[in-house]
There are 2 protein chains.
Amino acid sequence: MTGPGSEVLPADGPTVENVLALLREHGGRTTSAKRLLVEVLMASGGHRSAEQLAGQVHSRAPDVHLTTIYRNLDELERLGVVARTYAGHGPATYHLSTAPHGHLVCDACGLIAEVPAAVFGGLVGAVREQYGFTVSPEHLALAGRCVSCIREEAEGG
Amino acid sequence: MTGPGSEVLPADGPTVENVLALLREHGGRTTSAKRLLVEVLMASGGHRSAEQLAGQVHSRAPDVHLTTIYRNLDELERLGVVARTYAGHGPATYHLSTAPHGHLVCDACGLIAEVPAAVFGGLVGAVREQYGFTVSPEHLALAGRCVSCIREEAEGG
DNA sequence: TTCGATGCAAATAGTTTGCATTCTA
DNA sequence: TAGAATGCAAACTATTTGCATCGAA
């Protein structure tokens with residue numbers, strides 16, 4: 001059950017057609033705006049704001065409105081295709097949901113690094129046992145300072 | 001060195017006068033708006049948005065503008081008296097910096113629970129060793145689902 | 001009497017919504 | 001051709017900024 005008719009996306013990352021098929025299964029229609037957005041999401045790989053994604057889409061289709069980007073990102077998030085991460089202040093960032101992972105967000109330079117689930121697996125388990133709280137790895141974002149900013153701060157001031 | 005002239009606030013929680021003294025040490029002036037904000041922060045205890053704090057302040061001084069609340073919260077944050085937590089979407093929340101702790105933010109009902117530093121101490125250490133990234137415990141917010149919402153979702157649908 | 005603090009208005013960033021129109025299935 | 005998707009404008013939320021005035025030290 002991994003063909004275009006499947007409810008579940010392949011574990012090694014979905015193709016554009018997989019995602020569009022998933023959309024159709026849920027009553028959605030295939031449009032060029034959606035196809036482009038998904039392509040851009042796959043090409044960029046990393047964490048992008050809605051505006052950055054819009055910029056990429058615009059280079060190929062200038063008429064796609066930012067509103068449409070937001071609406072389609074919402075839909076893709078509901079379907080579990082993309083994950084939204086809030087990096088403190090500034091815009092939310094979107095990326096394809098692949099393997100579960102968390103994020104390190106540097107307060108100083110804005111860098112977003114990914115950490116594999118294994119690193120915080122213990123925490124997630126402990127929190128569930130002790131607090132009955134189920135952490136969503138996809139949204140996990142730890143704020144702090146990256147190496148370079150720590151170093152700069154130590155040297156500069 | 002824990003008197004009004006000290007740079008460091010008492011470990012068991014500052015008093016209103018402690019905070020005002022700290023402000024004065026840093027060139028700030030004592031105003032009724034600041035005193036009230038600090039009082040409200042201490043009375044409420046939990047995590048409040050700027051608007052909620054303004055509401056509390058207004059009940060005693062309706063003329064204090066929301067802008068002033070923001071400006072004073074900024075200043076208190078710079079001094080390390082309050083910590084700001086971004087709970088995903090919605091407004092940032094502010095609370096007194098006491099013992100280091102993280103937050104569990106329920107995506108469904110918005111509940112914010114505190115967890116002692118010990119729970120995620122291992123994570124913070126691992127992340128520092130493996131990624132050179134220093135997590136700020138004060139800003140640590142894990143998104144997910146609290147017990148009651150998980151239960152409701154399981155029952156309801 | 002100086003300079004920080006405030007009130008007010010307005011700007012800003014990011015995101016959402018309403019509605020008429022367009023286009024897919 | 002019904003209903004989903006879009007473009008556009010406008011609203012909206014949270015926050016910041018500019019500027020004249022006020023008030024603490």
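Just so we're on the same page: letters track the sequence lines, and every chain starts at 1.
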Anything under 3.5 Å between a donor and an acceptor, one on a side chain of residues 89-96 of chain B, the other on a protein residue two or more places apart or in another chain? List them.
| unit_1 | atom_1 | unit_2 | atom_2 | d |
| --- | --- | --- | --- | --- |
| B/Thr93 | OG1 | B/Thr85 | O | 3.4 |
| B/His95 | NE2 | B/His103 | NE2 | 3.3 |

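Between the side chain of B/Arg71 and the base of C/dG7, at least one donor-acceptor pair of N or O atoms lies under 3.5 Å.
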Open item on the list: Apply side chain to side chain contact (heavy atoms under 4.5 Å, CB included) to residues B/Gln56 and B/Leu36 and explain how you reach the verdict.
Closed with: CA-CA 9 Å; B/Gln56 294 288 101; B/Leu36 240 91; over 6 Å; no
TODO: Report the C-alpha distance between A/Cys109 and A/Cys146 in whole Å, list the side-chain angles of each, state the deciding distance to 0.1 Å, and finish with yes or no for side chain to side chain contact (heavy atoms under 4.5 Å, CB included).
DONE: CA-CA 8 Å; A/Cys109 68; A/Cys146 69; 3.7 Å; yes
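For B/Arg35, the side-chain hydrogen bond (donor to acceptor under 3.5 Å, both in side chains) criterion is met by B/Glu17, not counting sequence neighbours. Listed by chain and residue number, nothing satisfies the side-chain hydrogen bond (donor to acceptor under 3.5 Å, both in side chains) test with A/Glu51 (two or more places apart in sequence, or in another chain). Every side-chain hydrogen bond (donor to acceptor under 3.5 Å, both in side chains) that B/Thr30 has, sequence neighbours left out, goes to B/Arg24. Considering only residues two or more places apart in sequence or on other chains, B/Arg128 meets the salt bridge (charged side-chain N to carboxylate O under 4.0 Å, His left out) condition with none of them. A/Arg29 pairs by the salt bridge (charged side-chain N to carboxylate O under 4.0 Å, His left out) definition with nothing, not counting sequence neighbours. With sequence neighbours excluded, no residue satisfies salt bridge (charged side-chain N to carboxylate O under 4.0 Å, His left out) with B/Glu114. Shown here are the side-chain hydrogen bond (donor to acceptor under 3.5 Å, both in side chains) partners of B/Arg84, two or more places apart in sequence or in another chain: B/Asp74, B/Glu77.
With the nearest nucleotide of DNA chain D identified for both A/Ser32 and B/Asp74, A/Ser32 has the one nearer the 5' end.
Residues from residues 56-65 of chain B lying near DNA chain C, meaning a heavy-atom separation below 4.0 Å, are B/Asp63, B/Val64, B/His65 in numerical order.
Two residues are said to be in side-chain contact when any heavy atoms from C-beta on lie closer than 4.5 Å; A/Leu23 and A/Leu79 meet this criterion.
Between the side chain of A/His47 and the backbone N or O of A/Ile112 there is no donor-acceptor pair closer than 3.5 Å. Panel note: side chain A/Thr68, backbone A/Val64; no donor-acceptor pair is recorded below 3.5 Å. With B/Gln52 contributing its side chain and B/Ser49 its backbone, the two residues share a donor-acceptor pair below 3.5 Å.
A straight line from CG of B/Asn72 to P of D/dT15 spans 15 Å, rounded to a whole angstrom. The nearest whole Å value for the distance from the CG atom in B/Leu23 to the C1' atom in C/dG4 is 12 Å. Atom pair B/Glu77:CD and D/dT15:P shows a separation of 11 Å (rounding to whole Å applied). Regarding A/Leu73, its CG atom lies at a distance of 15 Å from the P atom of C/dT17, rounded to whole Å. Rounding to whole angstrom units, CZ of residue B/Arg35 and P of C/dA5 are separated by 15 Å. The interatomic distance linking A/Leu20 (CG) with D/dA5 (C1') rounds to 14 Å, in whole Å. Atom NE2 in A/His89 sits about 18 Å away from atom C1' in D/dT13, given to the nearest Å. For the pair B/Lys34 NZ and C/dG7 P, the computed distance is 12 Å after rounding to whole Å.
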- [ ] Going 5' to 3' through nucleotides 20-25 of chain D, assign each nucleotide B (protein heavy atom under 4.0 Å from a base atom), S (under 4.0 Å only from sugar-phosphate atoms) or - (no protein heavy atom that close).
- [x] ---BBS
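Paired runs in DNA chain C that reach 3 or more consecutive Watson-Crick or G-U pairs, where each pair keeps both distances under 3.5 Å, cover C:1-25 with D:1-25.
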Taking only N/O atoms, report every protein-nucleotides 12-15 of chain C pair under 3.5 Å with atom names and distance.
| unit_1 | atom_1 | unit_2 | atom_2 | d |
| --- | --- | --- | --- | --- |
| C/dT15 | OP1 | A/Ala92 | N | 3.0 |
| C/dT15 | OP2 | A/Tyr70 | OH | 2.5 |
| C/dT15 | O5' | A/Tyr70 | OH | 3.3 |

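Between B/Thr68 and C/dG7, a side-chain N or O to OP1/OP2 separation shorter than 4.0 Å is present.
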